[in-house]
Amino acid sequence: MIRKTLKITSAAVATAAALLAAPAHAGKDLDAIKSRGTLVCGVHQGLPGFSAADSQGRWSGIDVDVCRAVAAAVLRDATKVRYVPLTAQQRFTALQSGEIDMLSRNTTWTLTRDASLGLHFTGVTFYDGQGFMVPKSLNVKSAKDLRGATVCVESGTTTELNLTDFSRANNLNLRPVVFNDSASATNAYFSGRCQVYTTDASGLAAYRANNAQRPDDHVILPDLISKEPLGPAVRRGDDEFFAIVKWALYAMLEAEELGITSANVDQMRASSTNPNVRRLLGAGNEDTGRLLGLDKDWAYRIIKSVGNYGESFERNIAPLGLPRGLNNLWNNGGIMYAPPVR
């Protein structure tokens, strides 16, 4: 009886091991992307540093880079992306309805969004917090000095909810002036309709640098009143696509930690003896791509065409004057790192 039980247990272990080693099966979303030959990615209408189009219609930003990384992994070409600009109110409906394949639009990961909207967040691309911007002429030093002020804010956002909570908790009687999109809220603030503008601190820096006639006339207060982990999301129901989007970001983080850049990736793949480098770049015997339903070069293509996370940050976020802070790697004072790529 004991021997029989052991045999059954061994068989079960072997079966489980085989299942764990097997590649995932493509779901309908991933199949549709491959059949179409284009990734449809929902982005912000225009937030410098995150997603914005230039006069030639070329999109750039850290959120855009995530879209490009996924296209590089799945379609073997980072340019095969169609960008769909969305307001905060439109973004979740667009993902739920299938209008877009993934959402990469400076969106905060919250319990309600994660649990009740039929979507999965795939990671954090930027750790942010909600702040306040005021004219320097107000001579305000803290958000708690804004009692009774009018505040421009975008509807359908965690920003609007946080503003209400902060006002009530501190008995400030702040008066929200609500707009349907960020462009309207930004223009209203800079035209003097509101005394204060509130959104993520990264957004405040971007709007001050790019929309203010005289950026030095406006001050971003030191107070941060919330946690805003921003990251991409996908619909539930396609586990393989969910895994690919997640690991596309992790590949960029792992590459930075290993010192792999878009400039040296070919050299590193050809000559590095570091097992972690060889595994990530598909140069060793292990095939991590097979487990994702991809080829061995999936991460190599991401790094070659998009770069590592640090390159994306320096290219897109650093020009706004924002320090890396929490968005540094874990071994450089931040909290960013990838799970082991193995």
Side-chain angles (χ1 to χ4, degrees), residues 38-73 77-88 90-91 94-95 100-109 121-129 131 154 157 159 181-183 185-186 199-212 228-234 245 248-253 255-256 261-262 302-328 336:
T38 305
L39 174 72
V40 183
C41 201
V43 294
H44 197 284
Q45 292 169 300
L47 180 60
F50 289 84
S51 54
D54 64 15
S55 59
Q56 304 299 314
R58 293 184 294 255
W59 286 87
S60 64
I62 200 166
D63 288 340
V64 169
D65 281 351
V66 174
C67 303
R68 296 175 59 223
V70 174
D77 187 340
T79 68
K80 290 186 176 181
V81 184
R82 178 165 67 86
Y83 300 100
V84 179
L86 300 166
T87 66
Q90 295 169 335
R91 55 186 166 174
L95 184 57
I100 58 175
D101 299 316
M102 60 178 287
L103 179 68
S104 188
R105 185 201 178 280
N106 65 302
T107 298
T108 303
W109 185 348
F121 283 86
T122 63
V124 177
T125 52
F126 190 86
Y127 287 97
D128 210 343
E154 185 180 1
T157 61
T159 308
D181 57 77
S182 59
T186 304
T199 189
D200 295 342
S202 60
L204 295 177
Y207 293 133
R208 181 175 65 173
N210 292 275
N211 296 77
E228 306 292 333
L230 311 179
V234 297
V245 176
L249 171 60
Y250 289 153
M252 295 174 68
L253 287 167
E256 182 181 9
T261 69
S262 56
I302 291 173
I303 301 160
K304 180 70 174 179
S305 55
V306 182
N308 65 38
Y309 179 83
E311 288 180 276
S312 182
F313 190 99
E314 289 303 312
R315 183 167 60 240
N316 298 299
I317 305 297
L320 302 177
L322 292 172
R324 282 281 298 258
L326 292 177
N327 297 292
N328 263 306
M336 282 286 196

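- Of all heavy-atom pairs between D101 and T38, the closest is OD2-O, 4.0 Å.
- Two residues are said to be in side-chain contact when any heavy atoms from C-beta on lie closer than 4.5 Å; N106 and S202 fail this criterion.
- T125 places a side-chain heavy atom less than 4.5 Å from the side chain of P232.
- Using a 4.5 Å cut-off on side-chain heavy atoms (C-beta onward), M102 and L39 make contact.
- Contact of the P229 side chain with the T108 side chain is registered, since non-hydrogen atoms from C-beta on lie closer than 4.5 Å.
- Of all heavy-atom pairs between C41 and I100, the closest is C-CG2, 4.4 Å.
- Atom OG1 of T107 sits about 11.0 Å away from atom CZ of F50, to the nearest 0.5 Å.
- Here I62 contributes atom CD1 and L249 contributes atom CG; the two are 8.5 Å apart, rounded to the nearest 0.5 Å.
- Summarising the geometry of A69 relative to I302, their closest heavy-atom pair is O-CG1, 3.3 Å, with the distance given to 0.1 Å.
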### Query
Between F126 and D200, is a side-chain contact (heavy atoms from CB on, under 4.5 Å) present by the stated rule, with each step listed?
CA-CA 11 Å; F126 190 86; D200 295 342; over 6 Å; no
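- No donor-acceptor pair under 3.5 Å is formed between the side chain of R208 and the backbone N or O of A205.
- Within the 4.5 Å cutoff, the side chain of V84 has no heavy atoms near those of the R105 side chain.
- Between W109 and F121, the two ring planes are parallel [angle under 30°; tilted spans 30° to 60°].
- With salt bridges taken as basic N to acidic carboxylate O contacts below 4.0 Å, one links R324 and E256.
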### Residue pair T261, E311: steps toward the side-chain contact (heavy atoms from CB on, under 4.5 Å) verdict
CA-CA 8 Å; T261 69; E311 288 180 276; 3.6 Å; yes
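- The minimum heavy-atom distance between A248 and V70, with the atom names listed, is CB-CG2, 4.0 Å.
- Rounding to the nearest 0.5 angstrom, the gap separating the OH atom in Y83 from the OG atom in S51 is 9.5 Å.
- The shortest heavy-atom contact between A78 and V306 is CB-CG2, 4.3 Å.
- For the atom pair CG (L86) and CG (D181), the distance works out to 12.0 Å, reported to the nearest 0.5 Å.
- With hydrogens and angles ignored, the 3.5 Å screen pairs no side-chain donor or acceptor of Q45 with any backbone N or O of A183.
- Between R68 and W59, the closest side-chain pair of non-hydrogen atoms is not below 4.5 Å.
- With a 4.5 Å cut-off on side-chain heavy atoms, Y309 and D65 do not count as touching.
- Side chains of H44 and D63 form no contact here, defined as non-hydrogen atoms less than 4.5 Å apart.
- The nearest pair of heavy atoms linking P48 to L320 is O-CD1, 3.6 Å.
- Y207 and T199 are not linked by any side-chain donor-acceptor pair at a separation below 3.5 angstrom, with hydrogens and angles left out of the test.
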